[in-house]
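A, B, ... follow the sequence lines: proteins, then strands. Residue 1 opens every chain.
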There are 2 protein chains.
Amino acid sequence: MNKFFDIYMDLRKKIEHAEFATGSLLPSEKTLSEHYHVSRETIRKALALLLEGGYIQKKQGKGSIVLDIRRFNFPVSGLISFKELQDSQQIPNETIVIKNKLETIPDFLAEDLKVDPNRKVISLIRLRKIAGEVVIMDKDYLFNDIIEQIPSDVAENSIYAYLENELGLNIAYAKKEFVVEPATREDHKLMNLKDDTHVVVVKSEVYLEDTRLFQYTESRHRLDRFRFVEFARRKHSL
Amino acid sequence: MNKFFDIYMDLRKKIEHAEFATGSLLPSEKTLSEHYHVSRETIRKALALLLEGGYIQKKQGKGSIVLDIRRFNFPVSGLISFKELQDSQQIPNETIVIKNKLETIPDFLAEDLKVDPNRKVISLIRLRKIAGEVVIMDKDYLFNDIIEQIPSDVAENSIYAYLENELGLNIAYAKKEFVVEPATREDHKLMNLKDDTHVVVVKSEVYLEDTRLFQYTESRHRLDRFRFVEFARRKHSL
DNA sequence: CAGTGGTCTAGACCACTAT
DNA sequence: TAGTGGTCTAGACCACTGT
């Protein structure tokens with residue numbers, strides 16, 4: 001659809017397939033604009049995506065240097081669901097739905113999120129098995145006035161795909177907070193925690209395109225299986 | 001210098017000072033371009049920065065909605081140093097330099113980073129005190145063929161400011177990895193770990209604008225004081 | 001329908017890097 | 001000095017939102 005996105009995908013593919021060698025320079029923006037028969041600004045939009053993703057580094061007066069993509073293996077940042085993440089990395093996984101019912105939002109949560117304490121939520125608890133072991137417990141709260149229900153086969157797979165493709169809801173952005181908390185009795189009961197005293201908790205508030213908050217999630221990870229990787233750029237001048 | 005950056009800063013200030021109310025719409029891009037006497041594309045670059053920072057949400061056909069910035073208190077992501085972070089949040093802090101000497105790169109690190117095992121590095125160990133307690137230990141390795149030495153007063157303050165302002169080196173990007181590891185004897189000796197069995201470790205590979213790797217850092221955090229917040233956008237279509 | 005943001009263009013000038 | 005990326009413009013057309 002978009003020219004710049006297609007060009008981004010094409011260049012990315014060529015970098016991943018080593019058609020453009022690590023450390024070498026990409027063709028100049030002028031050359032690329034002639035090759036793809038588009039204006040230079042359109043090329044620059046494609047390059048901006050490569051830059052953001054850690055595929056290239058630009059230098060004024062010099063060119064666009066191809067980075068070693070293997071070095072940035074699994075940049076697992078951004079807003080992506082468990083199902084999408086596992087699928088993209090081709091890791092065998094299984095989801096067990098422990099709970100899926102309608103209830104009033106818990107008091108602590110209504111207070112934290114500053115929403116009406118009488119609002120109804122769909123409360124989900126799902127265990128994530130990787131290589132046969134339960135290493136993640138996800139506790140989701142979805143506002144019932146936005147999402148009527150989650151069919152159980154959806155809960156076992158991708159909720160995000162269901163919301164986006166079936167309900168036409170567009171997920172836009174999230175605030176994510178990473179902390180370490182003492183393991184609860186529930187953590188010990190549902191996960192194989194061994195002697196661990198703590199779990200890593202990723203708390204997410206997820207919003208739709210129209211800025212409505214529709215989901216709060218606590219993803220509770222066993223310490224030794226938690227890993228988060230991100231590619232970050234330095235923002236000069238604030 | 002840049003028009004779009006100045007406009008970004010101006011709009012951001014107005015959002016932070018509630019001159020544009022949360023939930024309301026920003027003036028249209030056309031209106032803004034007339035107000036600032038610039039082209040629409042320049043306005044769009046400014047808005048792209050606001051979008052990335054979680055200040056607004058755009059909607060085609062509608063406008064740019066101002067988000068509740070208080071809800072995204074401390075988006076502590078990106079590539080920022082301890083000193084910059086603490087200063088920006090006005091938290092009283094103190095750095096104690098435990099080690100600052102030239103040595104050959106440790107074997108495990110040369111292997112991980114795939115660099116010559118004979119290269120020399122400046123090896124730093126610094127303790128970070130917050131509210132009187134040592135809660136973070138930073139272990140830095142800076143390549144000596146890029147950085148000759150780190151004066152001790154610099155190690156106590158901002159290394160990044162020294163590199164950028166004194167040495168003229170431009171820090172560009174980093175790969176950051178978050179994991180939880182068992183606490184070492186050294187962790188227990190240097191930090192107030194109490195009964196903790198683990199620490200959160202943030203491993204960073206930091207690169208310059210010319211794509212040279214110049215720093216590897218392990219930032220070791222006490223579990224109960226670790227917190228990482230990020231604002232993430234959903235990237236539709238891969 | 002008018003107004004909004006999303007994409008794209010062709011051209012200009014500037015700042016930086018090489019040689 | 002020639003070639004690169006960085007910024008900016010004025011205009012065009014499209015897709016989407018509201019009334």
Side-chain angles (χ1 to χ4, degrees), chain A residues 1-11 20 23-52 55-67 168-170 172-173 208-212 233-237, chain B residues 1-11 20 23-52 55-67 168-170 172-173 208-212 233-237:
Chain A
M1 193 85 196
N2 295 351
K3 290 186 185 179
F4 75 86
F5 190 78
D6 291 343
I7 294 169
Y8 158 68
M9 289 301 280
D10 191 56
L11 290 172
F20 292 124
S24 71
L25 293 175
L26 241 42
S28 74
E29 296 180 351
K30 185 168 174 294
T31 306
L32 288 171
S33 73
E34 285 159 1
H35 177 267
Y36 288 105
H37 305 292
V38 297
S39 73
R40 193 176 143 223
E41 284 291 347
T42 299
I43 291 295
R44 285 178 60 73
K45 282 184 189 166
L47 295 185
L49 293 177
L50 292 175
L51 193 72
E52 189 191 9
Y55 291 90
I56 61 171
Q57 172 65 23
K58 301 181 85 173
K59 189 72 197 290
Q60 188 173 92
K62 196 168 180 196
S64 297
I65 307 165
V66 178
L67 299 184
L169 297 173
N170 290 317
Y173 57 93
L208 298 174
E209 208 170 45
D210 59 11
T211 76
R212 281 184 298 170
R233 287 202 167 270
R234 177 121 172 115
K235 288 161 179 56
H236 291 91
S237 55
Chain B
M1 194 84 196
N2 295 352
K3 291 186 185 178
F4 75 85
F5 190 79
D6 290 344
I7 294 169
Y8 158 67
M9 289 299 280
D10 191 55
L11 290 172
F20 292 125
S24 70
L25 293 175
L26 281 185
S28 73
E29 295 180 350
K30 183 167 176 294
T31 306
L32 287 171
S33 72
E34 285 159 1
H35 177 266
Y36 287 104
H37 305 292
V38 297
S39 73
R40 192 174 144 224
E41 283 292 346
T42 299
I43 291 294
R44 285 179 59 74
K45 282 183 187 167
L47 296 186
L49 293 178
L50 293 174
L51 192 72
E52 189 191 9
Y55 291 90
I56 61 171
Q57 173 63 23
K58 301 181 85 174
K59 189 74 197 292
Q60 188 175 88
K62 194 166 180 197
S64 297
I65 306 165
V66 178
L67 299 184
L169 296 173
N170 291 317
Y173 57 94
L208 297 174
E209 207 171 44
D210 59 11
T211 76
R212 282 184 298 171
R233 285 200 169 272
R234 177 121 173 116
K235 288 160 179 56
H236 290 92
S237 56

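Each end of the helix from C/dC1-D/dG18 to C/dA18-D/dT1 gets its own rotation axis from five pairs of C1' atoms, and the angle between them is 10° to the nearest 10 degrees.
For the pair A/Ala172 and B/Gln57, the tightest heavy-atom approach, listed with the atom from each and the gap, is CB-NE2, 3.8 Å. Considering all non-hydrogen atoms of both residues, B/Arg233 and B/Ile56 come closest at NH2-O, 2.9 Å. Looking at every heavy atom in both residues, A/Leu25 comes nearest to A/Lys62 through CD1-O, 4.1 Å. In plain terms, the two heavy atoms of A/Ser64 and A/Leu47 that are nearest each other are OG-CD1, 4.1 Å. The minimum heavy-atom distance between B/Ile7 and B/Thr42, with the atom names listed, is CD1-CG2, 4.3 Å.
C/dG6 atom P lies 10 Å from atom CD of B/Gln57, rounded to whole Å.
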TODO: Would you please test A/Leu11 and A/Leu32 for side chain to side chain contact (heavy atoms under 4.5 Å, CB included) and show each step?
DONE: CA-CA 10 Å; A/Leu11 290 172; A/Leu32 288 171; 4.2 Å; yes
Open item on the list: Across nucleotides 11-19 of chain C, 5' to 3', mark each nucleotide with B, S or - according to how protein heavy atoms within less than 4.0 Å reach it.
Closed with: -B--BBSS-
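Not one N or O on the side chain of A/Arg234 forms a donor-acceptor pair closer than 3.5 Å with the backbone of B/Asn170.
In terms of the side-chain hydrogen bond (donor to acceptor under 3.5 Å, both in side chains) criterion, residue partners of B/Asp210 (sequence neighbours excluded) are, by chain and number, B/Arg212.
An OP1 or OP2 oxygen of C/dT4 is reached within less than 4.0 angstrom by no side-chain nitrogen or oxygen of B/Ser64. The shortest distance between the side-chain N/O atoms of A/Lys58 and the OP1/OP2 oxygens of D/dG6 is below 4.0 Å. Contact annotation: B/Ser28 reaches the phosphate of C/dT4 (side-chain N/O to OP1 or OP2, under 4.0 Å).
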